Amino acid sequence: MDLHRDSLPTGPIIVGFSGHGFRVRIGEQAMLAPGGLLISPVSALDWKDIPSIEALQIGALDDLLAGAPTSEFLLLGTGARLAQPPRSFVRAVEARGMGVEVMDSRAAARAWGVLRAEERPIIGALMPL
């Protein structure tokens, strides 16, 4: 039996944590998002001006949604602990034809790699750790 390493997913991959933020690899380039992270299959952005989870509104994701391809769901990392976003935020995301998967940001970072390895069309918004 021959064993072969699976090919790496295309686009940005979260490779670790740094302080409160995330380390991301895009091809041969590395980037650091020192706070939060907005990530899609084609781009990764440092998420600035992050509201608290209780105050989260769809407008906080404008930079992500503007350049993202059609997505199956939003992977929402809520920081160091799992917290539920406002119902109005979830309804606004669902109105765009996407589901919302909520988890703490460390779990969301790990899930990103697994789901992208499956070539799932997702986007992510990860709050600082």
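Note: hydrogens, waters and symmetry copies are ignored here, and every other heavy atom, side chains too, is used. Everything quoted here is computed from the prediction, not taken from an experiment.
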task: Could you note down all residue pairs passing side-chain hydrogen bond (donor to acceptor under 3.5 Å, both in side chains) where residues 86-98 supplies at least one of them, sequence neighbours left out?
output: none

Side-chain heavy-atom pair P121, F73 within 4.5 angstrom cut-off: no

field: Pairs involving residues 45-67, ordered by first then second residue, that meet side-chain hydrogen bond (donor to acceptor under 3.5 Å, both in side chains) (sequence neighbours left out)
entry: S52-E54

- prompt: Residues sharing V114's hydrophobic cluster, by side-chain heavy-atom contacts under 4.5 Å among ILVMFWY, directly or via others?
  reply: none

field: Partners meeting side-chain hydrogen bond (donor to acceptor under 3.5 Å, both in side chains) with S40 (sequence neighbours left out)
entry: S43

statement: residues 69-82 vs side-chain hydrogen bond (donor to acceptor under 3.5 Å, both in side chains), sequence neighbours excluded, gives E72-R120

- request: Could you tell me the separation between the CD1 atom of I14 and the CE atom of M31, rounded to the nearest 0.5 Å?
  value: 10.0 Å

- prompt: Any side-chain heavy atom of L75 sitting closer than 4.5 Å to one from M103?
  reply: yes

- request: Determine, using the 4.5 Å side-chain heavy-atom cutoff (strictly less than), whether L65 and L38 are members of one ILVMFWY cluster.
  value: yes

- request: Give the cluster check for L126 versus L61: same hydrophobic cluster or not, with ILVMFWY residues linked at side-chain heavy-atom distances below 4.5 Å.
  value: no

message: I want to check something: taking the side chain as every heavy atom from C-beta on, are R23 and F17 in contact at a cut-off of under 4.5 Å?
response: no

task: Answer whether the closest heavy-atom distance between the side chains of L74 and E101 falls below 4.5 Å.
output: no

message: Quick check: closest heavy atoms across I39 and L64, and the distance to 0.1 Å?
response: O-CD1, 3.5 Å

task: Check side-chain contact (heavy atoms from CB on, under 4.5 Å) between P128 and all other residues, then give those that pass, not counting sequence neighbours.
output: H20, I50

Common cluster, V100/L56, ILVMFWY with side-chain heavy-atom separation under 4.5 Å: yes

